[in-house]
Amino acid sequence: MLKNINHLLKKLPFYLPEGRKNKAGTVKVNYTPGAGNNIFQYVFGRLLAEHHGMNLSAGTIDVLENPTTRYPLSKNLETITIGADDENNLHKFFDQRTPCNFIIKTYAEDFTLYKHHLARIKSWFNEVPTTNTEDLVFHLRLGDRLVLASTYHPSMLVTPEEFCEAIEMFSFKKLHIVTDMPLWRKITPSEVNKMQFHCKVAQKKRIDPNTSADYFNALYNKLSKFSPIVRTGYSVKEDFDFFRSFSKILFQHGTLAWWAAALSNAKQVGVFGPWRPVKNSNKNLGQADFPGWFQWGNNRK
């Protein structure tokens with residue numbers, strides 16, 4: 001009962017008395033869909049607010065249970081919207097000299113923004129202790145990407161053999177797979193058509209379901225040699241905390257997995273170096289050089 005009350009209180013907005021509000025302006029975070037995206041937006045906004053001594057107006061992210069804070073924008077100050085056009089140089093906003101308001105409408109997916117602040121960022125959220133130091137946890141993001149045509153572009157497609165090579169870069173006892181696939185067995189094209197994921201994929205962006213089924217079945221066969229313990233059917237927060245509890249972490253691309261690894265105390269983290277090269281505005285998240293992190297897939301043709 002007390003746990004439920006505490007959880008509810010964290011989600012309720014709180015307001016500081018008018019006299020305690022900082023007069024340097026407000027950073028307002030406008031979340032987009034996706035928990036991983038939201039963490040980037042919140043952390044970037046909070047770093048910016050703390051750097052300039054500003055108010056932070058941001059909602060709760062369920063996987064982190066950060067308190068909601070609400071402040072109005074200062075009517076006496078200029079309001080600067082940080083959007084997609086600014087993503088190549090987000091550092092410049094930390095050099096802003098004139099008091100203002102900021103509205104965050106960008107994903108802020110640049111690891112260099114966070115590299116020197118990881119300890120402080122971790123202190124903002126509940127810690128998940130490392131409870132597994134011998135096994136490897138592998139985040140296998142398929143779901144909508146299994147049916148997305150761009151997944152099968154030559155620059156993006158990771159073969160089952162490449163996944164196995166990445167797994168074998170670790171020394172481990174057991175392999176745990178965290179995945180958004182609703183089934184862990186061979187599948188048929190008709191089953192692919194019936195699958196529903198948290199992100200809907202328009203028909204014009206989908207690959208032939210036969211291709212999706214063939215790819216997953218080949219991946220299933222190759223990974224079977226590790227006798228993996230497959231984790232499905234849990235909430236996003238449960239998977240997020242489970243991922244953070246490992247000392248050895250592997251993932252391809254996915255902002256939620258990236259933050260789960262960054263907020264963990266893992267000693268080894270393998271991330272897909274090219275990240276998402278099919279995108280015109282590919283991010284540098286796969287090149288993060290945090291302590292214990294290494295890249296796989298950088299030598300792909």
Side-chain angles (χ1 to χ4, degrees), residues 32-38 62-63 135-168 172 174-243 246 249-261 270-272 274-279 296-297 300:
T32 58
N37 296 334
N38 295 164
D62 287 342
V63 296
D135 299 342
L136 171 65
V137 64
F138 170 33
H139 183 264
L140 182 59
R141 167 76 186 274
L142 291 172
D144 57 309
R145 292 180 184 174
L146 180 65
V147 301
L148 196 62
S150 61
T151 297
Y152 300 88
H153 186 278
S155 68
M156 285 286 293
L157 184 63
V158 177
T159 66
E161 291 78 12
E162 287 179 290
F163 276 125
C164 289
E165 290 172 5
I167 290 169
E168 289 168 348
F172 61 93
K174 296 178 181 179
L175 174 65
H176 299 256
I177 297 178
V178 176
T179 182
D180 52 359
M181 280 295 291
L183 303 171
W184 192 258
R185 57 166 172 77
K186 289 187 176 180
I187 59 176
T188 66
S190 62
E191 287 177 316
V192 170
N193 282 331
K194 294 176 183 177
M195 289 180 182
Q196 296 183 353
F197 306 105
H198 72 288
C199 290
K200 293 183 179 180
V201 180
Q203 192 62 41
K204 65 181 181 180
K205 293 184 177 182
R206 285 176 171 256
I207 196 76
D208 174 10
N210 290 284
T211 300
S212 297
D214 288 345
Y215 177 74
F216 178 78
N217 291 338
L219 187 58
Y220 172 84
N221 284 338
K222 286 293 184 181
L223 294 178
S224 292
K225 73 176 184 177
F226 297 107
S227 299
I229 302 168
V230 181
R231 180 182 172 89
T232 61
Y234 290 84
S235 71
V236 174
K237 176 170 174 48
E238 287 172 324
D239 281 342
F240 187 74
D241 288 347
F242 180 78
F243 207 68
F246 280 72
I249 293 174
L250 173 69
F251 64 103
Q252 184 186 1
H253 46 65
T255 53
L256 193 61
W258 194 93
W259 272 114
V271 57
F272 186 59
W275 199 248
R276 303 194 71 189
V278 75
K279 285 195 167 187
W296 60 275
R300 306 170 78 244

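For the pair Arg185 and Tyr220, the cation does not sit on the ring face, since its NZ or CZ is not both under 6.0 Å from the ring centre and inside 45° of the axis.
Taking the charged nitrogens against the carboxylate oxygens, Glu168 and Lys225 do have a contact shorter than 4.0 Å, which makes a salt bridge.
A pairwise comparison of heavy atoms in Thr255 and Trp275 identifies N-CZ2, 4.4 Å as the closest pair. Closest non-hydrogen pair, Met181 versus Ile187, comes out as CE-CD1, 4.2 Å. Between Glu162 and Leu157, the shortest heavy-atom distance links the atoms OE1-O, 3.7 Å. Between Leu142 and Tyr215, the shortest heavy-atom distance links the atoms CD2-CE2, 4.4 Å. Contact record, Pro274 with Trp296: CD-O, 3.9 Å, taken as the closest heavy-atom pair. The heavy-atom pair separating Glu161 from Lys222 by the smallest distance is OE2-CE, 3.2 Å.
Here the two rings, on Phe272 and Phe251, have centers that are 6.0 Å apart or farther. Outside the 6.0 Å centre-distance limit, the rings of His176 and Phe138 are not counted as a close aromatic pair.
Taking CD of Glu191 as the start and CG of Asn193 as the end, the distance is 10.5 Å to the nearest 0.5 Å. The CZ atom of Phe226 lies 7.0 Å from the CG atom of Leu223; values are rounded to the nearest 0.5 Å. His139 NE2 to Ile177 CD1: the interatomic distance, rounded to the nearest 0.5 Å, is 11.5 Å. We find the SG-CG distance between Cys164 and Leu219 to be 7.5 Å, quoted to the nearest 0.5 Å. Once rounded to the nearest 0.5 Å, the distance linking OG of Ser150 with CE of Met156 reads 5.5 Å.
Side-chain N or O atoms of Asp180 include one that pairs as donor or acceptor with a backbone N or O of Gly143 at under 3.5 Å. A distance-only check finds no donor-acceptor pair linking the side chain of Thr151 to the backbone of Leu146 [under 3.5 Å]. With hydrogens and angles disregarded, no donor-acceptor distance shorter than 3.5 Å links the side chain of Asn210 to the backbone of Pro189. With hydrogens and angles ignored, the 3.5 Å screen pairs no side-chain donor or acceptor of Thr232 with any backbone N or O of Pro182.
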For this session: Run the numbers on Met195 and Leu183 for side-chain contact (heavy atoms from CB on, under 4.5 Å), then give the verdict.
Result: CA-CA 10 Å; Met195 289 180 182; Leu183 303 171; 4.1 Å; yes
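The shortest side-chain heavy-atom distance between Trp259 and Phe243 does not fall under the 4.5 Å cut-off. Between Arg145 and His253 the shortest side-chain heavy-atom distance falls below 4.5 Å. The side-chain heavy atoms of Val147 and Val192, taken from C-beta on, include a pair separated by under 4.5 Å. Between Ile207 and Leu148 the shortest side-chain heavy-atom distance does not fall below 4.5 Å. Contact of the Phe163 side chain with the Leu140 side chain is registered, since non-hydrogen atoms from C-beta on lie closer than 4.5 Å.
Among Ile229, Val137, Leu136, the one residue that satisfies the side-chain contact (heavy atoms from CB on, under 4.5 Å) test with Lys174 is Ile229.
By the 30° and 60° cut-offs, the orientation of the rings of Trp184 relative to Phe216 is perpendicular.
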